[in-house]
Amino acid sequence: MVVKSGTYLQSSYRMVKAMGDKAVSSDAMFVIDNHEDLRLLCKQFPWPILSPAGEIEVPMPLGAAAWQPQQLKINQQGQVTFLETVEGHVAAFVQAVVADGAKFNATVYEGTMEEYKRKVRILDAFFVFDNPDRDWENRGQVLNISGTLFFHYFGEQSKGNI
């Protein structure tokens, strides 16, 4: 469909603009309890959000069907990536967490620890890291340690100071 009316496009633009500026993916921070220094090395992490775990098909008369949401999904997962240092800060962190039972709690900020719009808590989290791919010919890329973060999120969030 091609819209040829400038007035129609202008009203659509105004509706979107009225909602405010859009969130930028990089304007967030992942902070692990008692390991706050790693927040500066975290490149990618999942943003927790509550939603139904899926759908339930409900049979109806005459062969019809309807949908109903499942229970909220509190066990979540997502990709996480850290930038390793020459001192091995990320590897040392992983060893320390594993030695302490492998689980931890964390706070995810929209902003930084010091100034944020909102923060959310995740609980009983743990990492399953992939083996890093060391490329002997690649002299132009930082070593990334990535894997999957498994965590629980119950919708716990609070407003910030900005």
Side-chain angles (χ1 to χ4, degrees), residues 16 19-59 65-162:
V16 171
M19 291 182 198
D21 290 336
K22 307 310 169 268
V24 179
S25 285
S26 63
D27 289 348
M29 190 168 277
F30 175 73
V31 182
I32 299 161
D33 293 1
N34 303 315
H35 296 279
E36 287 77 10
D37 55 326
L38 285 178
R39 67 184 165 143
L40 303 175
L41 300 174
C42 190
K43 179 178 183 238
Q44 175 185 2
F45 56 89
W47 185 264
I49 189 165
L50 280 182
S51 72
E55 74 288 339
I56 300 169
E57 185 174 344
V58 180
W67 295 112
Q68 181 174 316
Q70 289 182 7
Q71 185 71 284
L72 290 180
K73 183 176 181 178
I74 59 166
N75 59 320
Q76 300 185 17
Q77 68 184 60
Q79 184 69 24
V80 66
T81 303
F82 288 96
L83 307 173
E84 183 59 288
T85 66
V86 293
E87 299 299 324
H89 285 92
V90 176
F93 158 74
V94 172
Q95 288 178 348
V97 169
V98 168
D100 199 27
K103 288 189 177 181
F104 59 88
N105 298 325
T107 304
V108 185
Y109 294 90
E110 188 170 0
T112 65
M113 271 180 76
E114 296 77 21
E115 294 187 29
Y116 57 90
K117 186 138 183 94
R118 72 185 53 85
K119 65 180 179 179
V120 299
R121 287 288 290 165
I122 63 173
L123 305 171
D124 295 328
F126 65 92
F127 295 113
V128 176
F129 283 109
D130 304 325
N131 289 341
D133 185 20
R134 301 294 297 256
D135 183 351
W136 290 64
E137 295 177 338
N138 188 346
R139 296 178 295 177
Q141 182 179 350
V142 173
L143 174 61
N144 291 322
I145 297 181
S146 61
T148 305
L149 173 66
F150 296 86
F151 59 95
H152 294 88
Y153 176 61
F154 299 94
E156 182 184 342
Q157 66 175 288
S158 57
K159 298 262 182 206
N161 51 10
I162 58 171

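This is a predicted model, so every value here is computed, not measured. The residues of the chain are indexed from 1 along the displayed sequence.
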So how far is it from [X] [atom1] to [Y] [atom2], rounded to the nearest 0.5 Å?
X    : Y    : atom1 : atom2 : answer
H152 : Q76  : NE2   : CD    : 9.5 Å
T81  : F129 : OG1   : CZ    : 9.0 Å
L83  : L143 : CG    : CG    : 9.0 Å
L40  : T85  : CG    : OG1   : 11.5 Å
F154 : I74  : CZ    : CD1   : 4.0 Å

Quiz prompt | Test item: D124 side-chain N/O and F151 main-chain N/O as donor-acceptor pair under 3.5 Å | solution =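 Looks like no, no N/O pair under 3.5 Å.
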
Quiz prompt | Whether E84 side chain and H89 backbone form a donor-acceptor pair below 3.5 Å | solution =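 Between the backbone of H89 and the side chain of E84 there is a qualifying donor-acceptor contact (under 3.5 Å).
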
I want to check something: taking the side chain as every heavy atom from C-beta on, are [X] and [Y] in contact at a cut-off of under 4.5 Å?
X    : Y    : result
R39  : F30  : no
E115 : N161 : yes
D33  : R121 : yes
I32  : F93  : yes
F127 : V97  : no
C42  : M29  : no
V120 : T107 : no

Quiz item: Which heavy atom in N138 sits nearest to a heavy atom in Q141, and how many Å separate them?
Solution: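 Smallest heavy-atom distance, with atoms named: ND2-OE1, 3.0 Å.
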
Exercise. Can you see which heavy atom on L149 is nearest to which on A125, and at what distance?
Key: CD1-CB, 3.9 Å

Quiz prompt | E87 atom CD, over 12 foreign heavy atoms within 6.0 Å | solution =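 12 or below, so no.
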
Quiz item: What do you reckon, is CG of N131 surrounded by more than 12 foreign heavy atoms closer than 6.0 Å?
Solution: no

Quiz item: Could you walk me through whether V94 and I145 pass the side-chain contact (heavy atoms from CB on, under 4.5 Å) check?
Solution: CA-CA 11 Å; V94 172; I145 297 181; 5.8 Å; no

Quiz item: What orientation do F150 and F126 show, parallel under 30°, tilted 30 to 60°, or perpendicular over 60°?
Solution: parallel

Quiz item: Relative to each other, are the rings of W47 and F45 parallel, tilted or perpendicular (30° and 60° limits)?
Solution: tilted

Self-check item: Passing option when E110 is tested against K117, R118, K119 for salt bridge (Lys or Arg N to Asp or Glu O under 4.0 Å)
Solution: R118

Exercise. Please report the C-alpha distance between E57 and W67 in whole Å, then the side-chain angles of each, then the deciding distance to 0.1 Å, and finally whether the side-chain contact (heavy atoms from CB on, under 4.5 Å) criterion is met.
Key: CA-CA 5 Å; E57 185 174 344; W67 295 112; 3.7 Å; yes

